[in-house]
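The block underneath contains the structure these notes are about, expressed in structure tokens.
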Amino acid sequence: MMVSLSYSSTMPQEAPPACLIVGEQANLQRIGFSDVETLISHRVSAKVFNEVVSDIGDSEGVSLYPKAVTIATLSSKRSRHTTPTAAHHMMDTVSKHLPKSGDSAVVVVVCLRQHVFACGSAVARAFPTYSLKTRDVTTRDVTVCFVTPDDTSPLSDQDIKVLSSTATAIRLAADIVDRPRNEMTCDDLVKCAVKIGQDLGVDVTVISGEQLKEQGFGGIYGVGKAAESPPALCVLSHKPAGATKTIAWCGKGIMYDTGGFSIKTKTGMPGMKRDCGGAAGILAAFKATVECGFSENLHAVLCIAENSVGPRAAVPDDIHILYSGKSVEINNTDAEGRLVLGDGVAYARKDLNADIVLDMCTLTGAQGITTGQHHAALLSNNAQWESCAVTAGLSSGDMVFPIVFAPELHFSEFKSSVADMKNSVANRSNAQSSCAGLFIGSHLFDDYSKPSPIVWLHVDMAYPVHVGERATGWGPALLLTLFGRYSSSGLLSNIAPVLPADQVSKRPKHDEMC
């Protein structure tokens, strides 16, 4: 079923064929029948509604009218490392309890006003856009409305625009990740990015194929040179008048990862279409961020390649010179994402003169072991920005958790006798996700032991990028929230963390950086 998703600040005046009322038990018990009367009164009485709301348990769904009206509760259980919005339960709850009947439906989200963005974003994940199933070709219009018991004022038109743009971004990111390699090649992602850039009216730079080799992008070129569809560095640049900061978001876009000559197994390779999740999230987040209004320079740096096996493929023992000028001995062709991102962050420093560099990627299988399926791993050279990212994750529902930043203990894992470094660790039991991130950072910094004016955030979201066989559209909600202080949107700026702005305008103290 294909779903057209929209958001509204008011309840529809006509009852839909299907309706889901969803929220935490405590919030549901703070609303009245009159809040949803126009949607359900022709089928459900006030007495029945009030009795169900008062008796419904945690994480429960109750049908108020068969195949038409359901009320469902989100889990209220949470620890200090879990989002207070309960957004991480929303996708499953909506998918499970929204009645399937009819060509239209309304989802009523009951939440606190400060949780509207996270809950609204999470609803979008329940409606993926990509499918080639031939039996279910029906369409459905789904409208999302909100009841906020702590603030009865309606959402503004700008709030609805932000929610709509973010939902579109989440579904776009998921669509790119869900598409198989024969439908989403390097060329296809470049075309998609160029089209988005043209629609937004921003500058677009594309360096592809042999141009990468000629201009020194040894990481992206070395990984992708064997594929039929050529590798590319695609950069979208939003440069508003009056900007004082330059922010670069770098995304790993491995359109398919066979592992190269260090080839994956027959059970380990399926699903590797998802290795472009970082670039998909960055591209979609950039689109929504610019649409919502953004006051600072913002660049989306997409590092796009397919890690294939062929006569021209890189082999172990090859040495590549990356865009940073540093040499890398290949000891594992299946550790390719860090190579393309090494070029990406170096470009952000050398060509874009970025103050803040954030890379996002499906980088390591060890991420799932380190921080689990719900929290992306976060590595940063700046303690204050690390804290801001954690806060933004809790506020947005795209949760992140810090991993150890100790380059003096870990970077020796990449020691090489013939190059500046190898691309894979010697000891896979020594903070593997941290090491992988440090490899990327080494092409942004010359020396970790010295303070740097560049803020760096590394986000490894290998496991949050999908649930089962479906992409989640992870990333846009986090980035819009983390950088919400630079947005024109009140909805975003109100939930965004207070950023340490002085950290990008003066040299930070050593203990704050390292």
Side-chain angles (χ1 to χ4, degrees), residues 203 205-207 211-212 214-223 232-239 243-253 278-279 282 286 296-304 320-328 337-361 363 378-382 385-386 389 405 407 411 414 420-421 423 436-460 479 482-483 499-508 510 512-514:
D203 294 339
T205 301
V206 178
I207 306 169
Q211 295 174 330
L212 291 166
E214 294 165 2
Q215 297 185 35
F217 293 93
I220 300 174
Y221 181 78
V223 169
L233 179 75
C234 182
V235 183
L236 279 61
S237 298
H238 166 71
K239 296 181 286 188
T244 61
K245 300 176 182 65
T246 298
I247 301 160
W249 295 343
C250 304
K252 173 189 171 184
I282 292 291
F286 179 88
E296 302 297 345
N297 295 320
L298 180 64
H299 304 274
V301 182
L302 310 180
C303 307
I304 303 169
H320 296 169
I321 308 299
L322 270 58
Y323 194 63
S324 62
K326 296 179 180 179
S327 58
V328 178
R338 63 199 69 181
L339 295 171
V340 301
L341 281 173
D343 278 352
V345 299
Y347 181 87
R349 173 176 61 87
K350 294 168 64 175
D351 292 64
L352 303 178
N353 196 29
D355 303 302
I356 305 166
V357 177
L358 179 147
D359 71 79
M360 193 163 77
C361 47
L363 198 66
L378 171 69
L379 185 71
S380 181
N381 68 333
N382 186 294
W385 273 87
E386 177 187 274
F405 178 82
F411 198 75
F414 297 109
D420 294 325
M421 65 193 79
N423 76 315
L438 290 173
F439 179 95
I440 296 169
S442 71
H443 299 277
L444 186 62
F445 309 107
D446 289 325
D447 188 346
Y448 277 114
S449 66
K450 297 178 181 178
S452 171
I454 300 175
V455 171
W456 172 54
L457 297 155
H458 162 73
V459 180
D460 186 347
L479 296 182
L482 177 56
F483 294 92
L499 299 175
D502 60 329
Q503 295 300 299
V504 297
S505 59
K506 65 181 183 181
R507 182 170 292 278
H510 183 271
E512 293 174 341
M513 295 296 294
C514 298

Subject >> Closest approach of Phe439 to Leu339 (non-hydrogen atoms, all atoms of both residues) >> reply: CZ-CD2, 3.8 Å

Original post:
What's the shortest heavy-atom distance between Gly344 and Cys303, and which atoms?
Top reply: CA-SG, 3.6 Å

Original post:
Is it true that a side-chain atom of Asp460 and a backbone atom of Leu363 form a donor plus acceptor pair closer than 3.5 Å?
Top reply: yes

**OP:** Kindly compute the distance separating CG (Leu322) from CG (Asp420), expressed to the nearest 0.5 Å.
**Re:** 10.0 Å

**OP:** Give the minimum heavy-atom separation between Thr244 and Glu296, together with the two atoms involved.
**Re:** N-OE1, 2.8 Å

Original post:
Nearest 0.5 Å, what's the CZ-CG distance between Phe217 and Leu212?
Top reply: 6.5 Å

Subject >> Plane angle bin for Phe405 and Tyr448 - parallel if under 30°, tilted between 30 and 60°, otherwise perpendicular >> reply: perpendicular

Original post:
Is any side-chain heavy atom of Lys326 less than 4.5 Å from a side-chain heavy atom of Asp446?
Top reply: yes

Subject >> Heavy-atom pair with the smallest gap, counting every atom of Gly222 and His320 >> reply: CA-CE1, 3.6 Å

**OP:** Could you give me the CA-CA distance, side-chain angles and deciding distance for Ile282 and Val301, then say whether side-chain contact (heavy atoms from CB on, under 4.5 Å) is met?
**Re:** CA-CA 8 Å; Ile282 292 291; Val301 182; over 6 Å; no

**OP:** Flag the pair Ile220 / Ile207 as yes when at least one side-chain heavy-atom distance between them is below 4.5 Å, and no otherwise.
**Re:** no

**OP:** Kindly compute the distance separating CG (Asp351) from CG (Asn353), expressed to the nearest 0.5 Å.
**Re:** 10.0 Å

Original post:
Tell me, do Leu298 and Phe483 make a side-chain contact under 4.5 Å, heavy atoms counted?
Top reply: no

Subject >> Criterion side-chain contact (heavy atoms from CB on, under 4.5 Å) on Asp343 and His443, from CA distance to verdict >> reply: CA-CA 7 Å; Asp343 278 352; His443 299 277; over 6 Å; no

**OP:** Can you see which heavy atom on Glu386 is nearest to which on Ser380, and at what distance?
**Re:** CB-CB, 4.2 Å

Original post:
When you look at Thr205 and Leu233, which way does the side-chain contact (heavy atoms from CB on, under 4.5 Å) test go after all the steps?
Top reply: CA-CA 8 Å; Thr205 301; Leu233 179 75; over 6 Å; no

Subject >> Gap between atom CZ of Arg338 and atom CG of Asp359 - 0.5 Å precision >> reply: 12.0 Å

**OP:** Just say parallel, tilted or perpendicular for the rings of Tyr347 and Tyr323, cut-offs at 30° and 60°.
**Re:** tilted

**OP:** Please step through side-chain contact (heavy atoms from CB on, under 4.5 Å) for the pair Lys350 and Ser324, ending with a clear verdict.
**Re:** CA-CA 8 Å; Lys350 294 168 64 175; Ser324 62; 5.8 Å; no

Subject >> Close side-chain approach of Leu499 to Trp385, heavy-atom, < 4.5 Å >> reply: yes

Subject >> Nearest-0.5 Å distance, NE2 of residue His238 to NE2 of residue His299 >> reply: 10.0 Å

Subject >> Spatial distance of atom CG (Leu358) from atom CH2 (Trp456) [nearest 0.5 Å] >> reply: 10.5 Å

Subject >> Which atom of Asn297 lies closest to which atom of Lys239, heavy atoms considered >> reply: OD1-CA, 3.3 Å

